[in-house]
2 protein chains.
Amino acid sequence: MRMADTSMAGKSPGLRESKKRRTRLAIERAALDLFEVQGFDGTTIDEIAAAADISPRTFFHYFPSKEDVLLADYATRLHKIVAALKTGPSGLAPWHALRGAFLTVAADYESEREQLLRRFRIIQSTPSVAARNLLLQASWEDAVTDAVSEWLNVDSSTDIRPRLVAGAALSAMRASLGYWLADNGRSRLPDHITYCFDLVEDGLGQIVRQS
Amino acid sequence: MRMADTSMAGKSPGLRESKKRRTRLAIERAALDLFEVQGFDGTTIDEIAAAADISPRTFFHYFPSKEDVLLADYATRLHKIVAALKTGPSGLAPWHALRGAFLTVAADYESEREQLLRRFRIIQSTPSVAARNLLLQASWEDAVTDAVSEWLNVDSSTDIRPRLVAGAALSAMRASLGYWLADNGRSRLPDHITYCFDLVEDGLGQIVRQS
DNA sequence: TGCGTATAGTGCAAACTTGCATTACACGCA
DNA sequence: TGCGTGTAATGCAAGTTTGCACTATACGCA
């Protein structure tokens, strides 16, 4: 039977796909709500499952862990960075291309500031979530390392530099994000990013040399 | 009430203390052996506890998790870095002091190369251990950030630079370590450290500017 | 030597996580 | 419309991790 094709986002919905999508959103919504009320550790999988109307076992078909409910959407931004790197104007110096890619992501962050701040507060205050977050960032570093190696046309397994560049870029991103979060988003994230990237490009300025 | 510390550091064992030390070593030895034979995930707490002659519950009085058996001793090196930073000749530029501190740790690494290589192989190939490792490194970064702030006489909550410096230093350390591990320790770790630190000091050299 | 206390060790239960087996169901096709 | 197939959902069990309560014991002191 031809289901009412609600002609959503330009693709074939498919009952199965739309159900999955709805279930995923239900889990995310239920979990976030419970986290804010009861805290992350005070919320059990069973409660989330009940609120999302699924079995506890099914939860793990959608998210590898309780932590990932907070980080999954955040993780998809990696693709944006890598995409921004691949499609970026190749006339740029690698470091400036990286800065551009991270500024793109930063713009996203600012546009969803409230959403992200709420999540980040939980992430930062819960060690297990912080750990998972770091694991994600490590995969970011791997991806950026690959992109930089490709750009420089070197092999990252025999040349240490691509990973160092990626690590420095990620450090700049982390430091900027931490600073931005510390003042609850009163400052502008892109400004921090630009500042940090330029500082690294300048060999960390006089900071490094001052005694 | 303080215990009667008889002059020598670690001399007067005390039955209780020596028992604890012996138990801890027994756990570590048993776990490492089992990991090498059966793999990390293939080894259960029950097996480790049986081999170390303790109850499974007691295991967690010595190590917060199975992962930490591999990382605990590795974690104490943080103190060496911070100590090297505090006691380092204050005439040096901060960045060179950092390089010196990391070179000290690198020397330790090389002197126990075989031991560490075996552990690192497990760490790198087991995601849960890698995650715990990253969490440890984050605490390293915090400690280094504090040390640098103190050095520069700035407040790391209002000045973004100490964290950026710490992040860059840790990135240099990570990249060097990864490279050193990749060739099974054929190269010299301190050389990589020096190279990376100098490269950062030079604003990542032409890598950053090349297109 | 014997006693009170602090701490190590243990058992138990709840929650998280995952592999395996089974069931329910959406999809494509005749 | 009905059927076979593949995927989602579920139940179950083992293992990890942690808080709580209880026991055993090493320690310091009289």
Side-chain angles (χ1 to χ4, degrees), chain A residues 1-6 11-27 30-31 34-35 38-72 122 126-132 135, chain B residues 1-6 12-27 30-31 34-35 38-72 126-132 135:
Chain A
M1 57 173 102
R2 192 79 353 146
M3 273 246 104
D5 192 314
T6 48
K11 286 286 148 60
S12 69
L15 209 166
R16 209 169 227 169
E17 290 305 313
S18 72
K19 248 192 173 179
K20 263 174 71 174
R21 180 182 217 70
R22 239 179 305 127
T23 301
R24 191 184 180 83
L25 283 178
I27 296 176
L34 287 170
F35 290 163
Q38 315 178 343
F40 182 84
D41 290 328
T43 304
T44 70
I45 299 284
D46 285 1
E47 290 173 326
I48 300 173
D53 207 40
I54 55 169
S55 84
R57 183 68 185 83
T58 299
F59 173 91
F60 291 100
H61 281 302
Y62 285 86
F63 297 95
S65 73
K66 204 166 72 169
E67 286 78 20
D68 285 287
V69 180
L70 283 165
L71 302 172
I122 304 179
T126 314
S128 65
V129 188
R132 204 91 181 187
L135 208 54
Chain B
M1 50 202 98
R2 215 76 205 102
M3 182 170 36
D5 193 305
T6 57
S12 80
L15 212 166
R16 207 170 228 168
E17 290 305 314
S18 72
K19 249 191 173 180
K20 261 175 73 172
R21 184 183 303 279
R22 238 179 307 126
T23 302
R24 190 184 180 83
L25 283 178
I27 295 176
L34 287 170
F35 290 163
Q38 313 177 345
F40 183 84
D41 291 328
T43 304
T44 70
I45 299 284
D46 285 1
E47 291 173 325
I48 299 173
D53 207 40
I54 54 170
S55 84
R57 184 65 187 82
T58 298
F59 173 90
F60 292 101
H61 282 300
Y62 285 88
F63 297 94
S65 72
K66 204 166 71 170
E67 286 78 21
D68 286 286
V69 180
L70 284 165
L71 301 172
T126 315
S128 64
V129 188
R132 204 91 182 189
L135 209 52

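Heavy-atom basis, side chains included; hydrogens, waters and symmetry copies ignored. Since this is a predicted model, take the numbers as computed values, not measurements. Note on naming: letters A, B, ... go to the chains in the order of the sequence lines (proteins, then strands), and numbering restarts at 1 for each one.
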**OP:** Could you check whether A/T43 gets within reach of a base, just the sugar-phosphate, or nothing at all, counting any heavy atom under 4.0 Å?
**Re:** sugar-phosphate
Original post:
At what distance, to the nearest 0.5 angstrom, does NZ of B/K20 lie from NE2 of B/H61?
Top reply: 11.0 Å
Subject >> Distance below 4.0 Å between B/K19 side-chain N/O and D/dA26 OP1 or OP2 >> reply: yes
Subject >> Neighbours of DNA chain D within residues 44-53 of chain A, by heavy-atom distance under 4.0 Å >> reply: none
Original post:
By side chain to side chain contact (heavy atoms under 4.5 Å, CB included), which residues pair with B/Q38, not counting sequence neighbours?
Top reply: B/L34, B/T43, B/E47
**OP:** Locate the shortest heavy-atom distance separating A/F63 from A/A72; write the atom from each residue and the value.
**Re:** CE2-CB, 3.8 Å
Write down the protein N/O and nucleotide N/O pairs, taken from nucleotides 22-24 of chain D, whose separation is under 3.5 Å; answer none if there are no such pairs.
none

Original post:
What closest approach, in Å, do A/F40 and A/S128 show between heavy atoms, and which atom pair accounts for it?
Top reply: CE2-OG, 3.8 Å
Original post:
Between atom CZ of B/R16 and atom NZ of B/K19, what is the distance when rounded to the nearest 0.5 Å?
Top reply: 9.5 Å
Subject >> Atom pair CD/CG of A/E67 and A/L135 - distance to nearest 0.5 Å >> reply: 11.0 Å
Original post:
Whole-Å distance between D/dA9 C1' and A/R22 CZ?
Top reply: 15 Å
**OP:** For residues B/A30 and B/A51, report the shortest heavy-atom separation together with the two atoms involved.
**Re:** CB-CB, 3.7 Å
Subject >> Atom-pair distance (CZ on B/F40; C1' on D/dT16), nearest Å >> reply: 10 Å
Subject >> Value in whole Å for how far the P atom of C/dC25 lies from CD of A/E17 >> reply: 18 Å
Subject >> Backbone of A/A31 reached by a side-chain donor or acceptor of A/K66 within 3.5 Å >> reply: no
Original post:
Between atom CD1 of B/I48 and atom CD1 of B/I45, what is the distance when rounded to the nearest 0.5 Å?
Top reply: 5.0 Å
Original post:
To 10°, what angle do the rotation axes through the five end pairs on each side of the helix from C/dT1-D/dA30 to C/dA30-D/dT1 form?
Top reply: 10°
Original post:
Of all residues at least two apart in sequence or in a different chain, which pass the side chain to side chain contact (heavy atoms under 4.5 Å, CB included) check with B/T23?
Top reply: B/I27, B/I54, B/Y62
Original post:
In whole Å, what is the span from the CZ atom of B/R21 to the P atom of D/dA26?
Top reply: 18 Å
Original post:
If only side-chain N and O atoms of B/T58 are considered, is one of them under 4.0 Å from the OP1 or OP2 phosphate oxygen of C/dT10?
Top reply: yes
Subject >> Contact list for DNA chain C against residues 59-72 of chain B - heavy-atom distance below 4.0 Å >> reply: B/H61, B/Y62
Subject >> From C/dA8, C/dG11, D/dG11, nucleotide with atom closest to B/K20 side chain >> reply: C/dA8
Original post:
Taking atom P of C/dC16 as reference, at what distance in whole Å does atom CG of A/D41 sit?
Top reply: 9 Å
Subject >> Check: D/dG11 base within 3.5 Å donor-acceptor of A/R57 side chain >> reply: yes
